[in-house]
Structures are given as structure tokens and as C-alpha cells.
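Heads up, the thing below is written out as C-alpha cells.
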Amino acid sequence: MSDRKLKLLFLSTSVGQLGSGLGGGVELTVLNIAKELYRRGHQIAVVAPAGSVLESIPVIEIDGDLQITAQTQDYAAPIIMPPNSVLGNMWEYARKVQAEWDIIVNFAYDWLPFYLTPFFNTPIAHFISMGSLSASLDRAAGQIADRFPGTIGVYTASQAATFAFASECQLLGSGIDLSLYQFCSKPDRKLAWLGRIAPEKGLEDAAAAAKIAGIPLKIMGKMQDENYWQKICAGCPDAPVEYLGFLTTTAMQEQVRECLALLMTPRWVEAFGNVAIEALACGVPVISYRRGGPAEIVRDGETGFLVEPDSVDELVGAIEKIDRIDRFACRRQAELEYSLAALGDRFERWFNSILKLS
Ligand code: UDP
């Protein structure tokens with residue numbers, strides 16, 4: 001592999017500030033890729049909405065109004081941009097400074113960066129963080145896949161399969177800083193659920209399963225849809241659930257590691273599910289619907305259980321046999337497949353291939 005040090009300009013999601021949780025798992029992905037490639041000596045800067053925070057990585061903060069998330073709009077919805085769009089402003093900044101960088105890396109799930117790609121001189125790599133949700137994005141990304149082969153990256157094959165240009169996608173997976181997640185061999189009698197509180201995450205099924213199993217469920221994540229949460233509470237009044245808030249990685253893993261299992265109940269094709277590998281890193285098995293990214297991550301019967309999508313009964317059945325899972329096997333899987341080193345290798349290879357260096 002080429003050992004040339006690259007100059008990489010990352011353009012973050014435009015639906016929320018880094019650190020806010022509004023961007024979901026892609027916030028952690030941006031941080032982890034930036035951290036690992038910076039450690040390897042590449043030059044990195046991250047362009048993000050004003051107010052963003054990203055540990056030790058320099059952030060170029062851009063003013064403007066946030067984009068609406070694609071998952072809250074219809075598939076056929078036209079493109080909506082607020083008058084002073086932070087997405088537009090971020091790309092205007094990138095246009096001005098493009099000559100200083102080897103590659104611009106787009107992390108926004110939005111139409112504009114795809115549309116703008118042919119107008120730039122510096123190559124643009126697009127990391128798509130969700131499955132197909134928007135006709136406009138599908139069309140624009142498909143055109144880029146044709147015209148600039150190899151420049152579209154995704155998390156998983158199941159995510160890629162939602163797009164017509166699936167075979168053009170580079171599968172890049174995810175990875176985490178394993179040193180931040182502590183292994184726990186002896187859990188308490190409680191379950192975990194992690195993620196944005198939003199309808200596509202199917203939290204009501206996890207609450208119902210916890211109620212039937214009679215085991216407390218600890219819920220952590222960004223409160224994105226308060227109405228949805230209120231409906232869950234009203235629909236399952238005696239469920240033993242507790243919302244702990246949106247926690248930092250350190251505080252979150254302190255809670256998760258003590259749990260019997262993580263429940264994942266996605267209604268949509270989850271592109272990856274960073275929370276799955278975060279739980280595994282703590283030695284916590286994952287019980288998930290056999291759908292999207294988690295179905296590619298969890299080794300059924302070995303590091304958790306994959307059950308029939310939307311079946312609360314099957315979630316309960318899996319909870320009842322969770323002590324058959326060896327928690328060391330969970331941590332081992334995270335170490336083997338989802339380290340920052342493995343993530344850094346995959347992204348370096350991708351950038352080198354775009355620059356035709358390898
Ligand atoms: N998360 C967090 N604090 C919490 C709960 C969740 O920081 O209390 C983060 C978690 O680390 C993960 C993200 O929220 O990176 C959820 O991402 P995931 O890929 O699971 O789903 P997405 O939101 O992208 O659909």
C-alpha cells in the first residue's frame with residue numbers, strides 16, 4: 001500500500017452539529033476515521049456546522065441553518081434547502097479551498113454534494129451513511145457512481161443493496177476505539193437499548209419485550225422525536241423502562257457493559273448500527289432483528305441472536321437463552337473485525353484507489 005501522506009478535507013453531516021447526536025452513528029464514524037488517519041500522519045480537517053465539537057481534530061465551523069433529515073421525508077420529496085443553508089455554505093467553503101486538499105470526503109446524506117461533484121477539480125469521495133430514502137439522492141448518487149467509479153463508499157452490503165448502483169459501492173464497514181469500551185464478564189439483570197429515539201428504530205418493540213421478559217430496559221440516545229417517545233410510554237404503561245438521556249461514549253459504555261444484552265429493533269434497513277459493535281466491545285451480546293447491518297455483524301448463536309424482524313415474541317425467546325452466549329466471544333469479535341486499525345486500513349485503501357496510488 002502507498003505510504004504517501006494525504007491531505008483529507010472531511011465535510012460532515014449537515015443535519016446536526018458533531019457531538020449533538022442529531023447525526024446519529026455517522027458522527028462517531030467521522031470522529032473515528034479522522035482520529036485514526038490523523039494518528040497515521042495524514043493531514044485532516046473537518047468542516048462541520050458551527051457549534052460542532054470533535055475531540056482533538058481541528059473543526060472548521062460553518063454558519064447556517066441545518067438540513068432536514070432524509071428519514072423524516074417521503075421518498076419522492078423534492079430537495080429542500082433552508083435560505084441560509086449550512087450545507088450550501090460548507091460546500092462553498094470547500095470549493096474555495098479545494099486546491100489545498102488531495103480529496104474531499106463527503107459524509108452528508110444529501111443531494112447537493114453529489115450534484116456538485118462534476119464541478120469540482122479535487123476528487124470527492126462520498127461516504128453514504130444510510131440506505132435508500134430519497135429519489136433525488138438515489139438519482140444523483142447513481143450518476144456519480146457511473147461517472148466517477150469507485151468514489152462511493154457505504155457501511156455494508158445490505159445497505160448497498162437498497163441502491164440501484166449497489167455493485168459500484170465500496171464496502172467500508174465501521175470501527176471503534178476499543179480502548180474506550182471496558183469488558184464486563186458479569187452483567188446485572190437488565191437490558192440495553194441505544195440509539196436515536198425515532199420511529200425507524202422500533203423502540204416500542206424493545207419496551208414490549210422487556211415487559212414480557214420482566215427485565216428492566218435502560219434506554220440511551222438522542223431524543224429526536226418526543227411525540228414518538230410519549231406514544232411508547234402511553235402504549236406500554238407498566239414496561240420496566242428507564243430513559244437515561246444522551247450519554248457520552250464513556251458514560252454510555254459504563255451502563256451498557258453491565259447489561260445482559262443489547263436489543264436492536266430497526267424497522268428500516270439499518271445501514272450499519274454502530275451501537276452493535278459498541279456493545280460487543282463491552283462483551284455484551286446483541287439481539288437484533290435479522291435486517292440490515294446488524295444481521296451482517298451479529299454471529300447468530302455466537303455473539304448474540306438474530307430473530308424474525310418485527311417479532312416481539314422472538315426477541316423474548318432470545319432474551320431467555322442469552323446466557324448461552326460467551327461474552328468473551330463478543331469482545332473478541334469486536335477486536336478482530338472492528339478495531340480502528342482495520343477501519344483505517346480500509347479507508348486508506350479507498351482513498352489511495354481514488355488517487356490511483358495503490
Ligand atoms: N450514542 C451516544 N450516546 C447515547 C446513545 C447513543 O453517543 O447515549 C451514539 C452511539 O455511539 C452511536 C449513535 O449514537 O454512534 C447511534 O448510531 P447508530 O449507527 O447505531 O444508528 P443511527 O443513529 O446512525 O441510525
Side-chain angles (χ1 to χ4, degrees), residues 12-35 52-55 69-72 107-109 127-133 154-156 158-159 162 172-178 180-181 191-203 206 217-225 228-229 241-259 262-282 284 286-289 291-298 304 334 338 340 343:
S12 183
T13 171
S14 49
V15 300
Q17 292 81 6
L18 286 166
S20 70
L22 289 169
V26 77
E27 292 186 27
L28 188 65
T29 299
V30 169
L31 170 66
N32 285 336
I33 300 165
K35 221 161 87 170
S52 289
V53 182
L54 198 65
E55 282 184 23
T69 54
Q71 66 271 27
T72 55
F107 288 91
Y109 188 98
F127 183 77
I128 303 185
S129 61
M130 295 188 282
S132 166
L133 292 169
V154 295
Y155 281 119
T156 59
S158 2
Q159 177 199 358
T162 66
L172 297 164
S174 190
I176 48 175
D177 182 347
L178 291 158
L180 300 178
Y181 302 83
L191 297 161
W193 190 96
L194 302 174
R196 290 174 294 107
I197 318 282
E200 64 272 15
K201 297 290 186 173
L203 173 57
L217 178 69
K218 306 293 171 191
I219 298 164
M220 289 151 264
K222 184 75 186 174
M223 182 60 72
Q224 202 164 29
D225 187 335
Y228 169 66
W229 169 245
V241 301
E242 187 187 0
Y243 174 56
L244 304 181
F246 177 64
L247 307 184
T248 61
T249 298
T250 307
M252 186 184 82
Q253 65 84 38
E254 275 170 19
Q255 295 291 332
V256 175
R257 70 185 185 223
E258 293 177 345
C259 292
L262 172 74
L263 302 185
M264 291 187 75
T265 45
R267 292 265 182 258
W268 66 351
V269 176
E270 185 82 53
F272 187 81
N274 271 325
V275 297
I277 60 176
E278 296 183 271
L280 291 175
C282 299
V284 175
V286 178
I287 297 172
S288 175
Y289 289 152
R291 174 183 274 156
E296 292 183 41
I297 299 167
V298 177
Y338 301 112
L340 279 191
L343 180 75

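First listed ligand is number 1; within each ligand, the first listed atom is number 1. We count residues from 1, following the sequence as given.
At least one N or O atom of Leu247 sits closer than 3.5 Å to an N or O atom of ligand 1. The N/O atoms of Glu270, backbone and side chain alike, include one that comes under 3.5 Å of an N/O atom in ligand 1. Checked by distance only, ligand 1 and Gly25 come closer than 3.5 Å through their nitrogen or oxygen atoms. In terms of N/O distances under 3.5 Å, ligand 1 is not approached by Trp268. Between Thr249 and ligand 1, a contact under 3.5 Å exists for no N or O pair.
Every atom of ligand 1 with a heavy atom of Arg196 under 4.0 Å away is listed here by number and element: 22 (P), 23 (O), 25 (O). Counting atoms of ligand 1 from 1 in the listed order, those under 4.0 Å from a heavy atom of Gly273 are 19 (O), 20 (O). In the vicinity of Met220, heavy-atom distances shorter than 4.0 Å reach the ligand 1 atoms 5 (C), 8 (O). Counting atoms of ligand 1 from 1 in the listed order, those under 4.0 Å from a heavy atom of Gly221 are 4 (C), 5 (C), 8 (O). For ligand 1, the atoms closer than 4.0 angstrom to any heavy atom of Gly245 are 8 (O). Near Leu28, the atoms of ligand 1 lying under 4.0 angstrom from a non-hydrogen atom of the residue are 11 (O), 15 (O). Atoms of ligand 1 found under 4.0 Å from any heavy atom of Val275, numbered from 1 in the order shown, are 10 (C), 12 (C), 16 (C), 20 (O).
Two residues are said to be in side-chain contact when any heavy atoms from C-beta on lie closer than 4.5 Å; Val53 and Gln17 fail this criterion. Side-chain contact between Thr69 and Tyr109: absent, with no pair of heavy atoms (C-beta onward) separated by less than 4.5 Å. Counting heavy atoms from C-beta on, the side chains of Thr29 and Ser129 never come closer than 4.5 Å. Taking the side chain as every heavy atom from C-beta outward, Leu18 and Phe107 never approach each other to under 4.5 Å.
For the pair Phe272 and ligand 1, no heavy-atom separation below 4.0 Å is found. Taking a 4.0 Å cut-off on heavy atoms, Ser174 fails to register as neighbouring ligand 1. Using a 4.0 Å cutoff on heavy atoms, Lys222 does not count as a contact of ligand 1.
Using cut-offs of 30° and 60° for the angle between ring planes, the Phe127 and Tyr155 rings count as perpendicular. Between Tyr338 and Phe272, the ring planes are perpendicular. Angles over 60° get that label, and only those under 30° would be called parallel.
Between Glu200 and Arg267, no side-chain nitrogen of the basic residue sits less than 4.0 Å from a carboxylate oxygen of the acidic one, so the salt-bridge criterion is not met.
For atom 14 (O) of ligand 1, no protein heavy-atom neighbour is present inside the 4.0 Å cut-off.
Minimum heavy-atom separation, Leu262 to Val284: N-CG1, 3.6 Å. Scanning all heavy atoms of the two residues, the minimum distance from Glu27 to Ser20 falls at OE1-N, 3.4 Å. Between Leu263 and Leu217, the shortest heavy-atom distance links the atoms CD1-CD1, 4.2 Å. Between Val30 and Ser12, the shortest heavy-atom distance links the atoms CG2-OG, 4.5 Å.
The nearest protein atom to atom 12 (C) of ligand 1, hydrogens excluded, is given as Glu278 OE1, 3.5 Å; this is a heavy-atom distance. Ranking the protein heavy atoms by distance from atom 19 (O) of ligand 1 puts Asn274 N, 2.9 Å first. Remark: minimum distance from atom 25 (O) of ligand 1 to any protein heavy atom is reached at Lys201 NZ, 2.6 Å.
Residue Met130 does not touch ligand 1, judged by heavy-atom distances below 4.0 Å.
Applying side chain to side chain donor-acceptor pair (under 3.5 Å) to Glu270 and the options Gln159, Lys201, Arg291 leaves one that passes, Lys201.
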